[in-house]
Number of protein chains: 4
Amino acid sequence: MSERTTRKRRINGEESRRRILDAAAEIAGERGYDGTTIAAVSDRCGLPASSIYWHFADKDELIAAVIERSFGSWLSAMELPGAATGGVSERLTAMAVGIAKALLESPDFLRLGLMLTLEHRPTEPSARTMFLQVRHQTREKVVEVCHELAPQLSAAAVEQLATYAIAGADGLFIAKEIGGDSVDLVALFELHAQVLVRLLAAELLA
Amino acid sequence: MSERTTRKRRINGEESRRRILDAAAEIAGERGYDGTTIAAVSDRCGLPASSIYWHFADKDELIAAVIERSFGSWLSAMELPGAATGGVSERLTAMAVGIAKALLESPDFLRLGLMLTLEHRPTEPSARTMFLQVRHQTREKVVEVCHELAPQLSAAAVEQLATYAIAGADGLFIAKEIGGDSVDLVALFELHAQVLVRLLAAELLA
Amino acid sequence: MSERTTRKRRINGEESRRRILDAAAEIAGERGYDGTTIAAVSDRCGLPASSIYWHFADKDELIAAVIERSFGSWLSAMELPGAATGGVSERLTAMAVGIAKALLESPDFLRLGLMLTLEHRPTEPSARTMFLQVRHQTREKVVEVCHELAPQLSAAAVEQLATYAIAGADGLFIAKEIGGDSVDLVALFELHAQVLVRLLAAELLA
Amino acid sequence: MSERTTRKRRINGEESRRRILDAAAEIAGERGYDGTTIAAVSDRCGLPASSIYWHFADKDELIAAVIERSFGSWLSAMELPGAATGGVSERLTAMAVGIAKALLESPDFLRLGLMLTLEHRPTEPSARTMFLQVRHQTREKVVEVCHELAPQLSAAAVEQLATYAIAGADGLFIAKEIGGDSVDLVALFELHAQVLVRLLAAELLA
DNA sequence: AATGAATGAGGATTCATTCAT
DNA sequence: AATGAATGAATCCTCATTCAT
């Protein structure tokens, strides 16, 4: 019994933390850093503002935690198609479709991240740093894949290709955010994959 | 006397309005909608907050005016290369380079615009609407040019191409924002132009 | 008319500032730095908290202004007996009585100052600095008077005497704060003056 | 087993209590009543805030306990020179030096006490009452010693002398707090003792 | 004996905005 | 055309305290 109750207390703490993060993720994904007020998070998660401060030192740490956690779920939403087989074209297309679907399912992560990225405030929020870190990791992965798929490319060319690949993804995400249902994100990502396939083969890169 | 003071006042008034817009543009470009406080604008332009309210009805109208004006200067920064001659490739490349240079010169317009775009707040700021409008106009221009350069393409294909073209521009802008000096925006826009040239010719589009 | 109204506005601003300072002085004199909340000041002066921030940058600046102003009125409460004539004993006694009466009339200044003095917080409030400054000035005056009254004393002896003279005043003020009506502050200051007279003459000093 | 754990727990309990008091004493000595937050005490002693409430009913009781305990150590720091022999001058000087040294060793007691003394809050903290009580006891001792050393003095004169003696001590303590190393507290207490010797003999007192 | 979690009240400060002049 | 002054609502965060375990 004591074991169970102990666990229950602990779980309640973790459960509260989760509820706070859920609420904060929703709000931050919609409204950005400044728009995410502690009062709004408190309202949405049902816990008083002071309880939020038991779980997180301050708003900055809360939003950084949101980024960290949502990057995790974003990653796992994307992992599956990594094992795709076939030629370069098929594999890249499968990856692109995977990314597009992950973006459609949980767009908050990237939306918040891009908002943080675009901001330049005097004291950079640690959430921004956090996002740039995970973005950097992602980029390293992309570079790796590019190098694997096109070993003949120079390091500079691979870097340029990776930048172009990610930029396309960012831009298409924004297009979807603006265009809504009139934009077929999956089709656009497939197109982007085809473009990248051509770039891997052709000699357009620096 | 009254004439002279009136004229002088009017001139001073326009000068004040300009100073306010300058300050607001800088701050909004750096910090977004929420981060742009009237107090901060007041500090940077040297006029008291109440004077800002003489020129603009409220914060919303101020930021909308910022968007409107900076779209103008953005357009004029971009107009020149429109008269480029040569083949499709040369013309598109010239346009791309022109856009890239305009982005490097005055990035605040697009940065603020994208921030506004990504936000979803209950009462949409008119600045956001304003940005989406000018963005829509721009998009119409792009569609027009595409249609002119590749008359054989279907309307749907042209739409997709335009979306992809603009998405690339947005994404590369973000890449530059993150990467700073390590990113050669002009080269990337040239690459993007080459990609678009291929897309205009090939049959990759929907 | 315009002149009058303009002045009136200005006067209203200064009047508000004065009301805020009055309220803050009362409260700070009673409750010290931490105990002086903006809300309490707001309540007592009738202006909303946000108006206090129009007149003072922050709580720290407000309390520093309290110290500065109350030092002024404290000085003027004390100035008169400076012109006393007679022998050393008479003059010192007149000064002591003057100080005692000033302390009885406006004890808040010294009470708040001593509270600030005794505190050691990580970031020293500027009110504390302000108090120590005016205290230092006062001390210089005391040294000067001692030197004038007993030119034969060494610099070190004068310093010691000044310290002892001020310490007596501080201590007697505290005795009065504790003892209330059962303590005759004027009589004690007269006694202190007599002690100082003896010390000026005798050879007890270092 | 139960006996052992009980004893161990009790010991740990006292150890915890001691750690809490140590932390609270340090902080209260530095920051006063308001500045002593439970969170700060918790941080410095390493125990969670809720544990502090197991040992003390509330903050008031905690600080009262701090006063009580530090008065004890203060007394014991002062006891030794009580047995001094010799004439009145020698005995008083020995006492004064003892007090001065005790103040130098553990100044927190008097600093906190004086802070509490100077404050006037609506609900007087019991720590303040506690300090005034022990101070009163001390004063009784002083009156006793004065009476013993100068039996010829009237009760009123002895009272005045005691007040003056204690006031000197308080004031010199404050001088030391402000002046730091530039103030020789022992020398000043010796001077004060000499003054008191003269006062015991002369006819300056009321 | 101890503690993780929670909580309402209140802390300082900033916000967009208004208004009299 | 401009501004000093004011203001209520909201901001982030800390407070002393409680409670279930």
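Chain letters run A, B, ... following the sequence lines, proteins first, then strands; residues in each count from 1.
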Contact class for [X] vs. all strands (heavy atom < 4.0 Å): base, sugar-phosphate, or nothing?
X	answer
A:T36	sugar-phosphate
D:S50	base
C:S51	base

Measuring only between side-chain heavy atoms, which start at C-beta, is [X] closer than 4.5 Å to [Y]?
X	Y	value
B:L118	A:L112	no
B:I52	B:S42	yes
A:R121	A:D34	yes

Which residue lies more 5' along DNA chain E, comparing D:P48 with A:I52 via nearest heavy atoms |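 Upstream on the strand: D:P48.
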
Given that A:H55 and B:A49 both sit by DNA chain E, which one's nearest nucleotide is further toward the 5' end?
-> A:H55

Atom [atom1] of [X] to atom [atom2] of [N]: distance rounded to whole Å?
X	N	atom1	atom2	result
B:I38	F:dA10	CD1	C1'	16 Å
C:Y53	E:dA16	OH	P	17 Å
A:R19	E:dA5	CZ	P	14 Å
A:L47	F:dC13	CG	P	17 Å
C:K59	E:dG10	NZ	P	16 Å
B:R17	F:dA1	CZ	P	11 Å
C:F56	F:dA6	CZ	P	11 Å
C:N12	F:dT7	CG	P	11 Å

Residue closer to the 5' end of DNA chain F, C:I20 versus D:T37 (nearest nucleotide) |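 Its nearest nucleotide being more 5', the pick is C:I20.
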
Walking DNA chain F from its 5' end, the first of A:D34 and D:D58 to be reached, judged by nearest nucleotide, is A:D34

Which nucleotide in the list E:dA2, E:dA5, F:dC12 gets nearest to the side chain of D:W54?
->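 The closest nucleotide is E:dA2.
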
Measure from NZ or CZ of B:K59 to the centre of the six-membered ring of B:Y33 and say whether it is under 6.0 Å with the direction within 45° of the ring axis.
-> yes

Any donor and acceptor pair, going by atom type alone, linking the side chain of C:T37 with main-chain N or O of C:A40 inside 3.5 Å?
->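 Judged by distance alone, yes, a pair lies under 3.5 Å.
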
For E:dA9, which nucleotide is its Watson-Crick or G-U wobble mate, given both distances must be under 3.5 Å?
-> F:dT14

Watson-Crick or G-U wobble mate for F:dA20, both contacts under 3.5 Å | E:dT3

